[in-house]
Amino acid sequence: MTRRAKIVCTLGPATSSAERIRGLVDAGMDVARLNFSHGSHEDHASVYDLVREAAVAAGRSVGVLADLQGPKIRLGRFADGPHEWRTGDTAVITSDDILGTRDRVSCTYKKLPQEVKPGDRLLIDDGKVAVEVTGVTGNDITVLVTEGGPVSNNKGVSLPNVAVSVPALSEKDAEDLRFALRLGADWIALSFVRSPDDIKLVHEIMDEEGIRRPVLAKVEKPEAVVALEPIVNAFDGVMVARGDLGVEMPLEQVPLVQKRAVQLCREQAKPVIVATQMLDSMIENARPTRAEASDVANAVLDGADAVMLSGETSVGRYPILTVSTMARIIATTESGSLSVPRLQHDPRTKGGALTSAASNIARNIGAKALVAFSQTGDTVRRLARLHCELPLLAFTPEPTVRNQLMLSWGVQTFDVPFVEHTDEMFEQVDMALVGLPWLSPGDDVVIVAGSPPGTPGSTNTLRVHRLGALSQH
Ligand SMILES: Nc1ncnc2c1ncn2[C@@H]1O[C@H](COP(=O)(O)OP(=O)(O)OP(=O)(O)O)[C@@H](O)[C@H]1O
Ligand SMILES: CC(=O)C(=O)O
Ligand SMILES: [K+]
Ligand SMILES: [Mg+2]
């Protein structure tokens with residue numbers, strides 16, 4: 001069964017072995033997410049290598065997304081394992097550097113005691129536990145538990161109505177970013193983006209390292225929802241990070257933010273991921289709820305490029321089964337309907353106009369595939385946003401670009417050597433496609449390319465190409 005929307009899997013303790021990672025790739029993982037909120041650099045380097053090995057073994061591209069923690073306040077570590085904070089209990093959250101106990105635990109933001117006051121509500125672990133500040137003494141914040149639940153190492157702390165002054169990129173984020181770039185990550189995600197300017201800090205460090213990679217804005221703050229359009233313009237893509245978004249703002253607003261973010265990204269031909277709790281109950285169970293199956297299907301029908309698994313694959317009991325279940329839900333939904341909301345504007349760029357025409361021509365003449373030659377991936381993303389039912393085949397000599405395109409809807413990638421002339425491009429298509437079981441000589445494909453080859457942004461060529469015709473000359 002063919003599947004077009006992509007699957008992002010968060011790697012973690014449940015998926016750190018070679019066998020598990022190969023299992024994820026075989027079940028349909030298109031992009032692996034390394035979550036720098038958890039795990040050591042050593043852990044990330046080890047799974048990174050395993051992802052690359054699994055991709056080679058499977059004979060296809062798999063992207064690697066490095067997700068930076070961003071300015072999230074977290075609890076510190078506990079000396080003695082997880083604890084239960086019951087409703088009505090009191091506890092202390094301190095900016096002192098201590099190994100926590102049930103009664104007193106540290107937090108990562110040292111100025112927190114100065115920025116909260118009695119009556120403020122703090123939400124822990126995406127709102128699973130709620131506490132209210134009753135007093136502040138020196139570095140200690142005394143809290144009353146208003147909604148009890150488990151607390152454990154490094155759980156996030158949200159302050160929905162307090163504007164805290166944490167910088168967009170912490171020292172840890174800067175170090176993690178340098179590490180991820182050197183490691184070879186294909187995409188970077190920045191958490192808790194508040195302004196389009198936040199990308200500048202990322203670019204500064206990338207330029208110091210001499211490695212530019214595309215950056216996703218994680219939309220999980222009310223400030224980002226307000227500035228959504230400029231953020232989509234400034235960044236290279238978006239993740240709708242519903243976990244934090246649903247505690248930072250009223251959770252009933254999340255569904256419409258999701259739809260608006262997906263549409264804005266498609267207008268700009270930038271990939272968009274819908275993330276968090278998609279098949280949450282599969283952390284524990286072998287079958288998802290009907291509501292979760294519908295959530296995955298509806299994200300696909302909204303037009304998302306990719307859907308993401310978090311705890312389901314990082315710490316869940318059934319990581320591989322969760323991926324195959326998600327793949328089945330997507331493929332079945334798409335076999336019933338590929339229609340997504342219409343784009344609201346007529347394309348104005350050369351690439352936008354050519355790709356839109358290419359897709360119409362391909363449909364009208366019964367072509368078997370859309371083919372894009374692209375140096376940067378831009379032409380491919382402009383084709384992807386159309387959600388055309390024809391296979392979308394991307395040819396690019398850059399392995400990093402191939403990996404990056406694994407986040408874009410419906411894209412299959414092909415490795416081609418760099419060529420100098422347009423004629424050679426068409427020969428490459430012939431050579432690569434004759435071997436595919438669903439294509440035969442005489443089939444037409446529609447090719448969009450730039451000329452001369454190797455000039456980024458030069459998309460100017462649209463050709464109806466008959467497979468096998470070249471060799472008859
Ligand atoms: N490497 C790890 N070591 C220990 N626990 C982990 C690790 N990775 C994840 N976890 C646990 O599994 C939970 C889900 O992991 P995941 O990486 O999917 O987090 P998330 O909810 O997307 O992100 P965050 O915790 O940053 O909000 C985490 O909250 C954490 O408790
Ligand atoms: C993925 C993430 O960061 C969130 O949902 O909050
Ligand atoms: K993160
Ligand atoms: Mg988050």
Side-chain angles (χ1 to χ4, degrees), residues 7-13 31-41 43-44 47 64-75 108-109 123-128 153-160 164 166 168-177 179-180 185 187-194 198 202 215-225 231 235 237-251 253-255 257-258 261-262 271-280 283 292 295-296 299 304-316 322 326 407:
I7 298 178
V8 182
C9 301
T10 305
L11 302 184
V31 175
R33 170 180 179 241
L34 308 184
N35 185 358
F36 282 83
S37 300
H38 306 286
S40 65
H41 283 184
D43 297 335
H44 291 305
V47 295
V64 173
L65 167 66
D67 189 333
L68 305 176
Q69 170 168 259
K72 177 159 183 162
I73 303 168
R74 286 179 187 273
L75 296 181
T108 53
Y109 183 46
L123 300 176
I124 296 163
D125 193 11
D126 292 354
K128 290 190 191 77
N153 293 345
N154 308 327
K155 285 300 180 192
V157 180
S158 318
L159 297 86
V164 287
V166 275
L169 209 62
S170 68
E171 245 166 70
K172 171 178 157 50
D173 292 328
E175 274 171 37
D176 291 344
L177 172 56
F179 173 79
W187 275 98
I188 303 296
L190 184 61
S191 298
F192 299 99
V193 166
R194 286 168 289 184
D198 288 355
V202 178
V215 188
L216 287 175
K218 289 176 67 184
V219 172
E220 47 190 343
K221 293 286 283 183
E223 292 93 321
V225 174
I231 286 172
F235 281 76
V238 158
M239 182 196 296
V240 186
R242 304 184 302 180
D244 285 292
L245 187 60
V247 273
E248 297 274 346
M249 53 196 294
L251 66 85
Q253 295 183 15
V254 170
V257 170
Q258 170 178 324
V262 170
V272 53
I273 307 173
V274 172
T276 307
Q277 292 185 335
M278 299 215 82
L279 296 176
D280 201 60
I283 293 175
E292 288 165 344
D295 183 47
V296 172
D305 287 271
V307 284
M308 190 173 106
L309 297 166
S310 302
E312 298 93 331
T313 47
S314 63
V315 292
T322 308
M326 184 174 240
L407 207 49

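The first residue of the sequence shown is numbered 1, and numbering continues consecutively from there. Bear in mind the structure is a predicted one, so any value in this text is a computation, not a measurement. In listed order, ligands and their atoms are each counted from 1.
- Taking backbone and side-chain atoms together, Asp244 has an N/O/S atom less than 2.8 Å away from the Mg ion (ligand 4).
- Without hydrogens or angle criteria, Glu248 side chain to Ser158 main chain gives no donor-acceptor distance under 3.5 Å.
- For the pair Thr322 and Met278, the minimum side-chain heavy-atom distance is 4.5 Å or more.
- Our summary of the site lists the angle at the K ion (ligand 3) between OD1 of Asp67 and OG of Ser37 as 160°, to the nearest 10 degrees.
- Near Glu220, meaning under 4.0 Å from any of its heavy atoms, are these atoms of ligand 2: 2 (C), 3 (O), 4 (C), 6 (O).
- In this structure, Ser191 contributes its side chain and Leu68 its backbone to a donor-acceptor pair below 3.5 Å.
- Considering backbone and side-chain atoms together, Ser310 places no N or O closer than 3.5 Å to any N or O of ligand 2.
- With hydrogens and angles ignored, the 3.5 Å screen pairs a side-chain donor or acceptor of Glu312 with a backbone N or O of Leu279.
- A donor-acceptor pair is defined here as one N or O able to donate and one able to accept, closer than 3.5 Å; such a pair exists between the side chain of Glu220 and the backbone of Phe192.
- Residues Phe235 and Val193 meet the side-chain proximity criterion, which asks for heavy atoms closer than 4.5 Å.
- Some N or O of Gly243 is nearer than 3.5 Å to an N or O of ligand 2, by distance alone.
- For Lys218, a nitrogen or oxygen atom sits less than 3.5 Å from a nitrogen or oxygen atom of ligand 2, counting backbone and side chain alike.
- Near Arg33, meaning under 4.0 Å from any of its heavy atoms, are these atoms of ligand 2: 1 (C).
- Ligand 2 lies nowhere less than 4.0 angstrom from a heavy atom belonging to Glu248.
- In summary, the atoms of ligand 2 found under 4.0 Å from a heavy atom of Thr276, numbered by their order in the structure, are 1 (C), 2 (C), 4 (C), 5 (O).
- Contact annotation for Gln277 and ligand 2: no heavy atom of the residue comes within less than 4.0 Å of the ligand.
- When Ala275, Ser158, Ala241 are checked for heavy-atom proximity to atom 2 (C) of ligand 2, Ala241 turns out nearest.
- Partners of Asp67 according to the salt bridge (Lys or Arg N to Asp or Glu O under 4.0 Å) rule, which considers only residues two or more places apart in sequence or in another chain, are Arg33, Lys218.
- Residues passing the ring-ring contact (aromatic ring centres under 6.0 Å, His included) test with Phe179, sequence neighbours excluded: His41.
- The parts of Asp244 lying near ligand 2 are both backbone and side chain, judged by heavy-atom distances below 4.0 Å.
- In terms of distance to the Mg ion (ligand 4), the nearest N, O or S atom of Glu220 is named OE1.
- The shortest side-chain heavy-atom distance between Ser314 and His38 does not fall under the 4.5 Å cut-off.
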